[in-house]
Structures are given as structure tokens and as C-alpha cells.
Amino acid sequence: MDHDRRVRESICETHLIIIQKVKKNIAPQLKTLMPCWISAVFDPNKEVAKLANEAFEVINFLFFYFDVQTFMICFILLFYFFFVDIFSSS
């Protein structure tokens with residue numbers, strides 16, 4: 001990810017357009033896109049985060065609503081426990 005807000009915003013806009021065009025055909029690439037997508041969802045800039053959330057909602061609407069949400073919840077919980085374990089042991 002880039003430090004410039006405009007670049008991150010353009011990436012999210014492009015990502016949203018691609019998802020709207022290819023729809024379910026994006027599924028094989030989700031594993032690769034997910035880490036950058038998650039970081040964009042939690043971007044400090046509200047516009048970037050809003051665009052990333054819009055793309056995420058398009059995917060949720062298209063297919064596997066519960067599977068993606070379950071994956072995200074598990075990912076966030078694992079991420080949280082990983083960092084709690086690291087910081088509590090130091």
C-alpha cells in the first residue's frame with residue numbers, strides 16, 4: 001500500500017469497478033486480494049475505508065455472505081489473539 005491517500009483511494013475505486021464487472025469470477029483471486037483489502041477497510045482515511053467497504057458489500061451481496069463474514073471474524077480474532085500473545089509475553 002502507498003502512503004499517498006490519493007493512490008490508496010484510486011486503488012480502492014479500481015478494485016470496486018473490477019468487482020462490479022467480474023462479479024463471482026473474482027473468487028479464485030480473493031485469497032490474494034484479502035490482505036490488502038482488509039488493510040484498506042481499516043484505513044485511517046474515511047474515503048478509502050468507505051470504498052473498500054463498498055467493494056466488500058458487493059462481494060457479500062453476490063455470494064457466500066456468511067462464509068466471508070465468518071472468515072473475516074476468524075481472521076480478526078486470530079490477528080487479535082496473535083498480537084495479545086506477543087505483547088503479553090514481552
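Everything quoted here is computed from the prediction, not taken from an experiment. Along the sequence shown, the residues carry numbers beginning at 1.
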Open item on the list: As an exercise, state the distance from CD of Gln20 to NE2 of His15, rounded to the nearest 0.5 Å.
Closed with: 11.0 Å
- [ ] With sequence neighbours left out, write down each residue that passes side-chain contact (heavy atoms from CB on, under 4.5 Å) with Glu47, or none if nothing qualifies.
- [x] Glu9, Asn45, Lys50, Leu51
Task: side-chain contact (heavy atoms from CB on, under 4.5 Å) involving Ile17 - partner list, sequence neighbours excluded - done: Lys21
Task: Over all atoms of both residues, closest heavy-atom pair of Asp43 and Ala49 - done: O-CB, 3.9 Å
- [ ] Might you point out which heavy atoms bring Val48 and Arg5 nearest each other, and give the distance in Å?
- [x] CG2-O, 4.0 Å
